Novice: 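Handing you this structure, nothing more for now.
Here the structure is a predicted model, which is why all the values come from computation and not from measurement.
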Amino acid sequence: MLIVNDTTLRDGEQAAYVAFNTKEKLKIAQKLYKVGADELEVGIPAMGKKEQEDIKEILALNLPMQIMSWNRATLKDLEASLKCGLKAVDLSIPVSDILIDVKFKGDKNRLLKQLENVIIQAKKENLFVCIGGEDSSRANLSFLKEVMQLGNSLGANRFRYCDTVGILTPHTTYENIKNLVDLNLLDIEMHTHNDFGMATANTISGFEAGAKSANTTVIGLGERAGNASFEQVLMSLKTLLKKDVHINSKDLKDLITTVSKASNRKIDTNLPIIGKNIFSHESGIHVNAMIKSNLCYEPFSPIDVGLKRDYPIGKHSGTSTLMYHLKTLGIEANKEILEKLLPQVRQIVTKRKKVLKNNELRELYLCLLDI
């Protein structure tokens, strides 16, 4: 089973200039469950009373899914999570030499001892424990093995492999995750960042290498360039990896709209999976084929994600496009006239940088018909 652990309400909200109120958090949590998230990471209890109150309200929704918090691997942070009534925690530690030097003055023994104490306490409380390996992609694999061996011996459940600064490539991801999976110590969870535009690709590569779960955020929200996109990962799991995922297109559209408004982020028209123009076909060759079979130039149906197919009348349109639109207006067009009309259409569109509307096309066609 491949698990989507969505962290929109934690890492997504950590994006600069983003802040969700309680009402927004509750709506996002409910919609994530409806659309297909398996688990949610919903906040950082150590932030204080208001964050803890919000987490308690999310828990009060009684969503039938695992709800997790993010914590530094300290007893103080763990206590804050316990006060909320959480049953699952991510305990984060730095694992690269760069961050261990900064946060623990290079003392790995102190780091491991601290982690041990917190895991022991968490398991006494019967919590699901994920060890968050901050900056795993810049860490020594032998140290990651040491951390995972410790976690395994103490009853931890999962290791989160974090590409904290987004430097992985899919090939490197596969090799690194395969090495860790082959240790057979802890289930691996992917946590990728999009600094080089490869967060989703690296997440899928991790799954292919044997990772069992992955963090995502809706519309790829997150620090700097963001995280792996929830909708991209979910559709990739369904379409490419054949995971049994039922995606309600209306709920997906509502989720995207809710997060977009709450984060004050606009959705690019060509954003994968959900951009409103990604099912718009202008090239004459493509349109000619699409009219015959929708499978020709689409990897999945727009219906799956609540979008619509369109054939804009633009510079690269061919006679098939013009004929298609005129037919919707009840006009059986003459192909010879359409071929004469095409240069005029292209000239108009190029000059004004705007596609033609159906009524404009009709007027142009009827003018040529009368000549």
Novice: Does the side chain of Leu115 reach to within under 4.5 Å of the side chain of Leu150, using non-hydrogen atoms?
Specialist: yes
Novice: For Asn264 and Tyr17, which I'm curious about, is there any donor-acceptor pair between the side chains at under 3.5 Å?
Specialist: no
Novice: Taking a hydrophobic cluster as the set of Ile, Leu, Val, Met, Phe, Trp and Tyr residues connected by side-chain heavy atoms closer than 4.5 Å, whether directly or through intermediates, do Val129 and Ile55 fall within one such cluster?
Specialist: no
Novice: Which side chain to side chain donor-acceptor pair (under 3.5 Å) pairs, counting each pair once, include a residue from residues 326-355, with sequence neighbours left out?
Specialist: Arg352-Glu360
Novice: Side chain to side chain donor-acceptor pair (under 3.5 Å), that's the test. Do Thr203 and Thr200 meet it? Break it down for me.
Specialist: CA-CA 5 Å; Thr203 293; Thr200 295; 5.9 Å; no
Novice: Quick check on Phe196: does its CZ atom have over 12 non-hydrogen neighbours (other residues, nucleotides or ligands) under 6.0 Å away?
Specialist: no
Novice: Using a 6.0 Å cut-off, check whether atom CD1 of Ile285 has over 12 heavy atoms from anything other than its own residue.
Specialist: no
Novice: Does one side chain, of Ser229 or Asn227, offer a donor that lies under 3.5 Å from an acceptor on the other?
Specialist: no
Novice: CG of Asp38 to CE of Met1: how many Å apart, nearest 0.5 Å?
Specialist: 4.5 Å
Novice: Return yes if a side-chain donor-acceptor contact under 3.5 Å exists between Asn109 and Lys113, otherwise no.
Specialist: no
Novice: Can you find a side-chain donor-acceptor pair between Ser213 and Asn5 that sits under 3.5 Å?
Specialist: no
Novice: Can you measure from CE (Met323) to CG (Leu361) and round to the nearest 0.5 angstrom?
Specialist: 11.0 Å
Novice: Would Asp77 and Arg72 satisfy salt bridge (Lys or Arg N to Asp or Glu O under 4.0 Å), going step by step from the backbone distance to the final call?
Specialist: CA-CA 6 Å; Asp77 279 23; Arg72 293 163 297 189; 2.9 Å; yes
Novice: In this structure, would Ile131 and Val181 fall into the same cluster of hydrophobic residues linked by side-chain contacts under 4.5 Å?
Specialist: yes
Novice: Excluding sequence neighbours, so at least two apart, what forms side-chain contact (heavy atoms from CB on, under 4.5 Å) with Gln14?
Specialist: Arg10, Asp11, Ile44, Glu223
Novice: Strictly distance-based, threshold 3.5 Å: is any side-chain N or O of Thr321 a donor or acceptor partner for the main-chain N or O of Ser317?
Specialist: no
Novice: Quick check: does any side chain N or O of Lys123 sit under 3.5 Å from a backbone N or O of Gly155, one acting as donor and the other as acceptor?
Specialist: yes
Novice: Ser136 side chain to Tyr161 main-chain N or O, any donor-acceptor pair under 3.5 Å?
Specialist: no
Novice: In this structure, are over 12 heavy atoms from other groups packed under 6.0 Å from Lys27 atom NZ?
Specialist: no
Novice: Does NZ or CZ of Lys308 come closer than 6.0 Å to the centre of the six-membered ring of Phe279, within 45° of the ring's axis?
Specialist: no
Novice: Over 60° means perpendicular and under 30° means parallel, so classify the ring planes of Tyr297 and His286, tilted if in between.
Specialist: parallel
Novice: Can you tell me how far apart OG (Ser69) and CD (Glu51) are? Round to the nearest 0.5 Å.
Specialist: 9.5 Å
Novice: With a 3.5 Å distance limit and no angle check, can you tell me whether Asn202 reaches the backbone of Leu168 through a side-chain donor-acceptor pair?
Specialist: yes
Novice: Please say whether more than 12 non-hydrogen atoms of neighbouring residues, nucleotides or ligands are located less than 6.0 Å from CZ in Phe20.
Specialist: yes
Novice: Let me confirm one number: the CG-NZ distance from Asp254 to Lys31, rounded to the nearest 0.5 Å.
Specialist: 4.5 Å
Novice: Looking at Val89, Val118, Leu78, which one forms a side chain to side chain contact (heavy atoms under 4.5 Å, CB included) with Asn71?
Specialist: Val89
Novice: So, do Val18 and Arg265 sit near enough that their side-chain heavy atoms are less than 4.5 Å apart?
Specialist: yes
Novice: Is Asp195 close to Ile167 at the side-chain level, that is, under 4.5 Å between some pair of heavy atoms?
Specialist: no
Novice: Does Thr217 form a side chain to side chain donor-acceptor pair (under 3.5 Å) with Thr7? I'd like the steps, not just the answer.
Specialist: CA-CA 5 Å; Thr217 59; Thr7 184; over 6 Å; no
Novice: Does Thr192 use its side chain to pair, donor to acceptor, with the backbone of Ala199 at less than 3.5 Å?
Specialist: yes
Novice: Between Leu40 and Thr8, is any pair of side-chain heavy atoms under 4.5 Å apart?
Specialist: no
Novice: Under a 3.5 Å distance rule, please check whether Lys105 uses its side chain to pair with a backbone N or O of Val102 as donor and acceptor.
Specialist: no
Novice: Do Asp135 and Ser96 pair up side chain to side chain, a donor and an acceptor below 3.5 Å, judged on atom types alone?
Specialist: yes
Novice: Inspect the surroundings of CD1 in Ile267 and state if more than 12 heavy atoms from other residues, nucleotides or ligands are less than 6.0 Å away.
Specialist: yes
Novice: Calculate, to the nearest 0.5 Å, the distance between atoms CG and CZ belonging to Asp90 and Arg160 respectively.
Specialist: 3.5 Å
Novice: Establish whether Leu255 and Ile58 are linked, either directly or via other cluster members, by ILVMFWY side-chain heavy-atom contacts under 4.5 Å.
Specialist: yes
Novice: Look only at the side chain of Gln114 and the backbone of Ala73, and say whether a donor-acceptor pair between them is shorter than 3.5 Å.
Specialist: yes
Novice: When you check the side-chain N and O atoms of Asn248 and Lys253, is any donor under 3.5 Å from an acceptor?
Specialist: no
Novice: Asp97 and Lys108: salt bridge (Lys or Arg N to Asp or Glu O under 4.0 Å), yes or no, with the steps?
Specialist: CA-CA 9 Å; Asp97 289 343; Lys108 291 182 179 178; 3.2 Å; yes
Novice: Should we say atom CZ of Phe104 is surrounded by more than 12 heavy atoms from elsewhere, each under 6.0 Å from it?
Specialist: yes
Novice: Can you tell which of Pro45, Ser92, Cys130 makes a side chain to side chain contact (heavy atoms under 4.5 Å, CB included) with Trp70?
Specialist: Ser92
Novice: Grouping I, L, V, M, F, W and Y whenever their side-chain heavy atoms are under 4.5 Å apart, do Ile274 and Ile204 come out in a common cluster?
Specialist: yes
Novice: Should Gln66 and Met68 count as side-chain neighbours, where that means a heavy-atom distance under 4.5 Å?
Specialist: yes
Novice: Distance alone, cut at 3.5 Å: any donor-acceptor contact between the side chains of Thr257 and Ser260?
Specialist: no
Novice: Indicate yes or no: at least one non-hydrogen side-chain atom of Ile247 is less than 4.5 angstrom from one of Val35.
Specialist: yes
Novice: Evaluate whether atom CG of Asn270 has more than 12 neighbouring non-hydrogen atoms of other residues, nucleotides or ligands under 6.0 angstrom away.
Specialist: yes
Novice: Assess whether atom CG of Asn21 is packed by more than 12 heavy atoms of other residues, nucleotides or ligands within 6.0 Å.
Specialist: yes
Novice: Compute whether any side-chain donor of one residue and acceptor of the other, for Glu189 and Asn215, lie under 3.5 angstrom apart.
Specialist: yes
Novice: Do Asp54 side-chain atoms and Thr22 backbone N/O form a donor-acceptor pair below 3.5 Å?
Specialist: no
Novice: For Asp163 and His193, test the side chains for any donor-to-acceptor distance below 3.5 angstrom and give the result as yes or no.
Specialist: no
Novice: Quick one: do Val259 and Leu9 end up in the same hydrophobic cluster if we chain Ile, Leu, Val, Met, Phe, Trp and Tyr together by side-chain heavy atoms under 4.5 Å apart?
Specialist: yes
Novice: With heavy-atom distances below 4.5 Å as the criterion, would you say the side chains of Leu32 and Val218 are in contact?
Specialist: yes
Novice: First locate atom CD of Glu175, then atom CG of Leu141, and finally report the distance between them rounded to the nearest 0.5 Å.
Specialist: 10.0 Å
Novice: Hey, does Leu221 have a side-chain heavy atom less than 4.5 Å from the side chain of Glu13?
Specialist: no
Novice: Check whether Glu282 reaches the backbone of Lys315 with its side chain - one donor and one acceptor, N or O, closer than 3.5 Å.
Specialist: yes
Novice: Please check: side-chain N/O of Ser293 versus main-chain N/O of Met290, any donor-acceptor pairing under 3.5 Å?
Specialist: no
